[in-house]
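The next block holds one structure in the form of structure tokens; read it before the comments.
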Amino acid sequence: MAITDDVLVIGGGLAGATAALAAAETAPDARVRLVTAKQSTLRHASGLIDVLGYAPGSEGQEQGHGQKQKPIVDPFAELDTLPTGHPYERVGGEAVRDAIEFFDDIAGDAYAGGHTDKNALVPTHGGTVKPTARYPTATADGLASDDRDALLVGFETLPDFEAPLAAAHIESAGAPFDARGVTLSFPGIVRDDAKVTRYAHLLDRDERVQSPGGSVNGEIGAREALAAAVESHLEGEPRVGFPAILGDDRPAAVRESLADALGVDVFEIPMGPPSLPGLRLEDLLYAELEDAGVRVTSGVPVVDYEAADGRIDHVVVDRNGAEIPHEAAQYVLATGGLVGKGIESGRERVSEPLFDCHVPHASDRYDWFVDDVFGEQPYARFGLAPDRELRPLDSTDDPEFRNLRAAGAVLGGYDYAAEKSGAGVSLATGYVAGTRAGEEI
């Protein structure tokens with residue numbers, strides 16, 4: 001027998017989680033389910049919530065001739081200037097604001113930036129500065145707009161963050177402060193292949209580690225040992241930045257302990273995957289899903305569907321080899337783009353693999369890209385073309401299915417990497433798709 005819900009969200013990333021939460025809030029008595037085939041892509045994300053960092057297609061943005069466009073100061077003021085077909089143009093600027101406020105309510109004091117419409121400039125592990133609308137509170141004391149000098153601390157066993165190089169890049173980017181970088185041994189970690197969660201858990205639990213000093217039994221807590229290792233390298237800097245490994249379950253307590261011991265402000269620098277800020281965001285969202293009564297089914301790919309009279313009747317999931325039908329009144333597709341395989345590219349065709357929704361693209365595959373590696377690549381904008389209800393449109397601009405909406409990177413019409421708009425688009429389209437689905441119940 002089919003499993004029956006009112007709203008079924010397919011995809012467990014930021015867009016899918018937001019859609020499920022919005023549907024549950026809009027229709028409190030509805031049965032909302034989220035199904036996902038694999039672990040959320042959030043664990044690979046920086047944890048930053050960008051709305052719009054750079055205007056799409058602007059002259060001089062990373063196009064190989066030495067010019068760089070300045071980051072957008074107020075992303076909300078730019079929303080009305082976006083081209084037709086951009087996901088923000090589809091949902092409208094007011095919906096983008098509503099979605100960010102929806103996120104603010106969920107995130108609470110775990111995120112900062114809600115006091116202003118302006119983008120914050122957040123240093124990243126490579127020494128670049130990213131314009132973003134919301135950022136983890138753990139990064140707040142590290143903003144590049146802050147003119148206080150900073151010491152960046154890296155670790156020998158964590159080669160993904162070269163603190164001296166990052167500091168040099170930050171200074172060359174024109175940050176209004178002096179930055180220095182040092183590389184230290186991390187107390188209690190000797191293996192180069194230790195996972196970032198190992199660093200975090202050691203600090204969360206304040207495990208005993210070997211101390212070079214004369215403490216009892218030759219051991220002290222990991223937080224005290226880390227502070228002692230850093231203290232001798234301070235040269236009057238009022239803030240210290242660490243790679244984002246300062247705790248998983250208790251990051252605020254870890255930062256507070258280090259700040260108290262060092263007498264300075266302590267902040268984290270977002271890292272590449274796997275990302276602790278991304279994992280923390282995933283934990284936050286999935287705890288909210290549980291509190292909202294959303295049923296989450298993980299590890300079950302959707303492999304087929306049945307439709308009639310222009311509506312999806314049910315989908316079929318593969319549960320350990322058994323094909324189980326799931327039916328719902330409304331569906332939201334949030335399976336990701338080319339990277340997440342929600343959009344697939346073959347030699348002859350670009351497609352959406354689940355419902356075979358239309359993906360606009362040139363018939364000649366050599367028109368999918370340009371030779372200039374820094375140029376605007378057409379494939380970066382591949383995805384579904386939706387109406388203003390976020391229903392995917394077919395080749396004649398009619399809805400593929402009346403009860404299907406799409407959200408996040410599966411949508412086309414924008415280049416999230418160049419624009420720095422990925423998380424914002426996922427939030428805005430997830431919020432609108434989930435809200436509209438809930439209203440239809």
Can you name the residues that form a ring-ring contact (aromatic ring centres under 6.0 Å, His included) with [X], not counting sequence neighbours?
X	result
Phe102	Tyr431
Tyr199	Phe186
Tyr331	none
Phe242	none

(Q) Under the rule for salt bridge (charged side-chain N to carboxylate O under 4.0 Å, His left out), what residues qualify as partners of Arg198, not counting sequence neighbours? (A) Glu207
Side-chain heavy-atom pair [X], [Y] within 4.5 angstrom cut-off:
X	Y	value
Leu82	Leu52	yes
Pro187	Ile220	no
Val332	Leu8	no
Leu390	Arg436	no
Val190	Thr157	no
Asp248	Arg280	yes
Glu352	Leu333	yes
Thr197	Leu276	yes

Q) Can you name the one residue among Pro56, Pro83, Ser421 that meets side-chain contact (heavy atoms from CB on, under 4.5 Å) with Tyr414? A) Ser421
Q) Looking at Val410, Leu34, Leu354, which one forms a side-chain contact (heavy atoms from CB on, under 4.5 Å) with Ile10? A) Leu354
Q | Listed once per pair and sorted, the ring-ring contact (aromatic ring centres under 6.0 Å, His included) pairs that draw on residues 264-287, sequence neighbours left out | A | none
Q.
Suppose the criterion is ring-ring contact (aromatic ring centres under 6.0 Å, His included): which pairs have a residue in residues 156-178, not counting sequence neighbours?
A. none
Q: For Ser298, check side chain to side chain donor-acceptor pair (under 3.5 Å) against everything at least two apart and list the hits.
A: none
Q | Set of residues satisfying side chain to side chain donor-acceptor pair (under 3.5 Å) with respect to Asp104, sequence neighbours excluded | A | Arg134
Test item: [X] side-chain N/O and [Y] main-chain N/O as donor-acceptor pair under 3.5 Å:
X	Y	answer
Asn403	Ala329	yes
Thr183	Glu156	no
Arg405	Glu389	yes
Asp5	Ala328	no
Asp318	Glu323	no
Glu171	Ala179	yes
Arg239	Asp146	yes

Considering only distance and modelled atom types, tabulate donor-acceptor pairs under 3.5 Å from the side chains of residues 23-30, sequence neighbours left out.
| unit_1 | atom_1 | unit_2 | atom_2 | d |
| --- | --- | --- | --- | --- |
| Thr26 | OG1 | Ala22 | O | 2.7 |

Q) Would you say the side-chain atoms of Arg31 and Thr4 include a donor-acceptor pair closer than 3.5 Å? A) no
Q: Could you grab the distance from atom CD of Glu231 to atom CG of Leu262, nearest 0.5 Å is fine?
A: 6.5 Å
Q: Output every pair passing side-chain hydrogen bond (donor to acceptor under 3.5 Å, both in side chains) with a member in residues 253-266, not counting sequence neighbours, ordered by first then second residue.
A: Arg148-Asp265, Arg223-Ser257
(Q) For residues 88-97, which residue pairs pass the side-chain hydrogen bond (donor to acceptor under 3.5 Å, both in side chains) check, not counting sequence neighbours? (A) Glu89-Arg388, Arg97-Asp117
**Q.** Residue pair Ala423 / Ile49: nearest heavy atoms and the distance that separates them
**A.** CB-CA, 3.9 Å
